[in-house]
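Here is the structure we will look at.
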Amino acid sequence: MRIRRFEEAAEEAFRNARMRGALHFYIGEEATATGVCADLRTDDYITSTHRGHGHCIAKGGQLNKMMAELFGRVTGYCGGKGGSMHIADLDLGILGANGIVGAGIPIAAGAALGAKIRGEDRIAVCFFGEGAGPTGAFHEGVNFAAVQDLPVVFVCENNKYGMATTSDKANAGPSIAGRGVAYGIPGIKVDGNDVFAVNAVARDAIDRARRGKGPTLIEAETYRFKGHTVHDMAPYRAKEELEAWLKKDPIERFRQVMKSKKLLTVKDMDQIDEDVAREVEASIEFAEASPYPSLDAIEQGVYAD
Amino acid sequence: MRIRRFEEAAEEAFRNARMRGALHFYIGEEATATGVCADLRTDDYITSTHRGHGHCIAKGGQLNKMMAELFGRVTGYCGGKGGSMHIADLDLGILGANGIVGAGIPIAAGAALGAKIRGEDRIAVCFFGEGAGPTGAFHEGVNFAAVQDLPVVFVCENNKYGMATTSDKANAGPSIAGRGVAYGIPGIKVDGNDVFAVNAVARDAIDRARRGKGPTLIEAETYRFKGHTVHDMAPYRAKEELEAWLKKDPIERFRQVMKSKKLLTVKDMDQIDEDVAREVEASIEFAEASPYPSLDAIEQGVYAD
Amino acid sequence: MTTRTTVAAVREETPQEDRLIFLNQALREAVDEEMQRDPAVFVLGEEIGVWGGAYKVTEGLLEKHGPNRIIDTPISEALIAGAAVGAAITGHRPIAEFMYSDFMGIAMDQIVNQAAKNRYMFGGKATLPIVYRAATGAGIGNAAQHTQSLEAWFTHVPGLKVVTPSTPYEAKGLLKSAIRDDNVVIFLEHKALYASRGNVPEGEYLVPLGVSDVKRVGAHATIVTYSRQVIFALEAAEQLAQEGIEVEVVDLRTLYPLDIATAITSIQKTNHALVVHEAVQFGGFGGEIASQIQEQAFDYLDAPVVRLGALHSPVPFSEPLEFGSFPSVEKIAEAVRVLLSRA
Amino acid sequence: MTTRTTVAAVREETPQEDRLIFLNQALREAVDEEMQRDPAVFVLGEEIGVWGGAYKVTEGLLEKHGPNRIIDTPISEALIAGAAVGAAITGHRPIAEFMYSDFMGIAMDQIVNQAAKNRYMFGGKATLPIVYRAATGAGIGNAAQHTQSLEAWFTHVPGLKVVTPSTPYEAKGLLKSAIRDDNVVIFLEHKALYASRGNVPEGEYLVPLGVSDVKRVGAHATIVTYSRQVIFALEAAEQLAQEGIEVEVVDLRTLYPLDIATAITSIQKTNHALVVHEAVQFGGFGGEIASQIQEQAFDYLDAPVVRLGALHSPVPFSEPLEFGSFPSVEKIAEAVRVLLSRA
Ligand SMILES: Cc1ncc(C[n+]2csc(CCOP(=O)(O)OP(=O)(O)O)c2C)c(N)n1
Ligand SMILES: Cc1ncc(C[n+]2csc(CCOP(=O)(O)OP(=O)(O)O)c2C)c(N)n1
Ligand SMILES: [Mg+2]
Ligand SMILES: [Mg+2]
């Protein structure tokens, strides 16, 4: 069973690493989404960010629909209306990527509130970057979740930067996890590039939420291998810093562990790699072969009737 | 000198206790504003709340202008346009009461930022109720002040209730002061009904801010003797709770200390009491004798030209 | 068009019997009935439980429906709006109360960028049946931060519906329709009307969104308005009747979707249009109404469409100034006289 | 009125020499010059320092003026707006940048309930010289949360001024005037115009707030517009000229204070008015413009004032849909043809 999950994890991690055409790359941070979502049920909820491809795939999102959306085609997740920052798959509990930093936090609290009201054991996971740490939405959302003991896990992906702003210039205090105390909830820091470590911490937090014991605040330390967007060359970062982090590539590390623990052979993993590569290429072909939505779609889907 | 200040303090405290015609009474919480403002310079700034009479008086506000404003007269602080919730006296650094809970917090941070930019040693004090603790404005304001080491003192008046909501239903975590850790700034709890204790804590925080050492978060524990507004009979509070707090009347306690320490005689204090009473009555006469603003004032003062 | 309204009126709006209650009671009944009808409905907001709501709309509902469905929140307007989004998109029908519509400024991102747009951004898949209720308007000395009429902001946001009732009867029927609507509805209750009494029949009835109502029939001029100004307009019409001026009063009731046809039909008859609202005139919703009228009834107009809204200032505290800042019965009557004097 | 404009133009707007620069450069010069001119001026916002601003308006200013006057803030829009209030009321002239006007939803309380109202609520005593800058508008694939045109919200708030430049020349001159203005100015920069080039003279000049500009003279119809749509309107006018239709194009430049007189004078000549903006048409500022036109030029109109704005939806991501959602050169030209065909 664990192996099976790790296989999924691996597969998904690889997939993430292969994502292209996106505005905000998740490359280098795959272990976090993967390690967290590996323990979620299909009917659990996640809210995501502007850097949402990894979360979406880790929760089971379909590459074809994602890629088609990035291309603005009618076959995309949003029929081309949302684009990269607004991909959602409600059937998979993916309540949407979000173009507004921090905005997913109150929404996740609301989804958790809904589950609590219905007395279900579904939970919500809220992904957000450390750049969302200073937003009022973070505070209002986490405080309410803590007051109400809501079944939600807050996962801060601290990749050290929000555009060019370093975490310490954005967030006062020692750490995001350290804020747990202020809200009377557990705050845990974890190596966000170690899928096993993330998974272990997430499993406890998810379990805690499911048992109605309230929210947990996880801070996964990771790094944005690429620039903020496809256009950003990140001149504000030291070359050494990047190189040091490249050595901690979550996927490389995963491969090493798999190999040493003899859970997957290099051959297996290369095979997965190839399969994924093929799948991604197929999704691009799918997207490019898909038509654009027709103009009369513009005013459709605004209101439910 | 200390005595002198305490006399002012006493005088101000008494004044607060005598305020009438207001919407939100500060009665029972006078020691906090008094103890804090006693160490402020005239050129220091304060931001206040919907329950702002005490802050205004403690910072030197004039009873006549205040009372006239409550009566909506042209002689009031705002020419009748603001009312109780919007009294300001910029010459005294009183940047305004505020009808929006939490809104004064970013404004105080801005005033402190301004002082820092000019390289002055002025500081800003931000009063807010524990009900503002959950607002995004609180978080954004305190976080920024901490990141920038701004010369500001955040004073939370925890009077246990925000309308009918108890502090624990509003704020997660052990205490407001306890949040200091999250922002990497000192967080201090103090008996808000003991003017000497408040003054001691405030003096350190003010001094710290003036020396450019950054913000402090003070939580003064006090109690709202009256209902939330003049209309509220506070049926949601236990009679015993109120009685217990009435025993801790900050003014009574102040009188005891003054007497025991022989700093003021009962006679002196009754004298002050009488003077203040007369002053307050005079302010009411002043207000009632003042005319209402003329109708053409409605569109005046919207824009500077 | 007037016919359509009447038909609608007959079909869904005939009072079964006489019962005078306050507008906030009418709203309470709507919330209570819908909560009983549909378990997906719940209420969240500040002081709605123990306190019973700043204007007592939800009084007694905590005792009746419990803390799981009547949820007191901290002072966190962005959270209130956003939690409603999260709950709605996962199958609930939240009613979120803002104590004053002025506080919605804190929640505008969640209301506009999340609630209003999620359905569309997600390709029309998501459904967000949310009602954002708020007390709005001036007239009781609350000063500039507790008195604004901000409906114009919301009418400009695709994905939102905007409802502005003027009577207890409509308040109840419109709120029930809003709660059952699968869209995000901004429901603006004028705080000076909470204590107004009106006839509200026992039991089930709905007032549909998007149908204007002719509140008074007249031949000389048409006043198009909504919310509390409907009451003022009717009083003004009464005064003018003494002078032999017969005014028709059209209550839009919902600003989006907007039934302008009822107003157009009236104006084709009266050839004179006065648009009135309490909100600041400049940039107000009156501009949309007046523009549509002159676009659609241009050849029927004997005079330009005239707008009457609040003066260009925040709402002042001092009583004479406050009452002088927004349209009054006298100002409305005078505006009609001037309008007719022009023809 | 046109005369007044020309006078103003002559007095304050004559280019000294030719120099083609980008609009974001023009804005940078305005900020830089005003910072040198007045030590009370400083800038705060997200990514304005190290990054140089999302659209590079403040690039290089951190190096030049230092971190004390070019202040990178955390992602805290309410703080940005509120800190500007606190700094302004204590003697500074802050320029606060919102990366996208869409994010102002988070700061609406501070902008509307604090910045816009403090002076008035405090009896006209406080002075808040704040410029809130923001990138606005669609057209570069940013999707629904990074593309809105929200000027209508701000024009409806007494205490705010609203500026919407269409060319680099005006962007610089208007921004300098806004920074020197003692009021709260909402300065909306269309992001599709940052890379547009135009003639900007070296050195000091101002473009006053509250003065419209006739961008093209024509006899048959008047297009009243602002921001990027001015560029589209001029292109449409060019096309229509081929067909013998002479269109006059009035650029409002500032929406509050609003110089409608220049447009009225034009319409009294052309007898036909088309109001165009990129914002959603329903509830948009076009309603105010169209209403004032028909109020003031009723007897000169051969046809109703026509409005052309965006369709009723959030801005879609997919390119064909995005471009189809707001007014284009073709749609404007067609609207003029229809307008004239009616007379
Ligand atoms: C409310 C808001 N403010 C500003 C932005 C512009 N913005 C987009 S991403 C970003 C940085 C976010 O940093 P972080 O949360 O750490 O996420 P990361 O990009 O590092 O994954 C900013 C400032 C936004 N989208 N929303
Ligand atoms: C943003 C906002 N939300 C709600 C309100 C309504 N309101 C006014 S005072 C108050 C309670 C505030 O409690 P607290 O901050 O503890 O101050 P206290 O009244 O106890 O002095 C509330 C909810 C408001 N004025 N502003
Ligand atoms: Mg980051
Ligand atoms: Mg309190």
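Numbered from 1 within each chain, the chains take letters A, B, ... in sequence-line order.
Taking C:E77, C:H146, C:E319, C:E46 one by one and counting their heavy-atom pairs under 4.5 Å with chain B, the maximum is reached by C:H146. Of the listed residues (C:P320, C:P74, C:S318), the one with the most heavy-atom contacts under 4.5 Å to chain B is C:S318. Heavy-atom pairs under 4.5 Å with chain C were tallied for B:K169, B:E69, B:H86; the largest tally goes to B:H86. Listed options B:S294, B:G79, B:G82, B:C78 were ranked by heavy-atom pairs under 4.5 angstrom with chain C; first place goes to B:G82.
For B:Y303, the part lying under 4.5 angstrom from a heavy atom of chain C is the side chain only. For B:N98, the parts lying near chain C are the backbone and the side chain together; criterion is any non-hydrogen pair under 4.5 Å.
Looking at every heavy atom in both residues, C:S313 comes nearest to B:I298 through CB-O, 3.4 Å. Annotation for C:H312 and B:E299: closest pair N-OE2, 2.6 Å, computed over non-hydrogen atoms. Minimum heavy-atom separation, B:K81 to C:L321: CG-CD1, 4.0 Å. Nearest heavy-atom pair across C:N142 and B:M85 is O-CE, 3.9 Å. Minimum interatomic distance between C:V50 and B:A164 (heavy atoms only, all atoms of both residues): CG1-CB, 4.0 Å.
Side chains of C:I106 and B:T135 form no contact here, defined as non-hydrogen atoms less than 4.5 Å apart. Annotation: side chain of C:F103 is not in contact with side chain of B:V101 (no heavy-atom distance under 4.5 Å). Counting only heavy atoms from C-beta outward, the side chains of C:M99 and B:M163 approach each other to under 4.5 Å.
Applying the salt bridge (charged side-chain N to carboxylate O under 4.0 Å, His left out) test to B:E221 and every residue at least two apart in sequence or in another chain returns B:K160.
Distance check, rounded to the nearest 0.5 Å: OH of C:Y100 to CD1 of B:I100 gives 10.5 Å.
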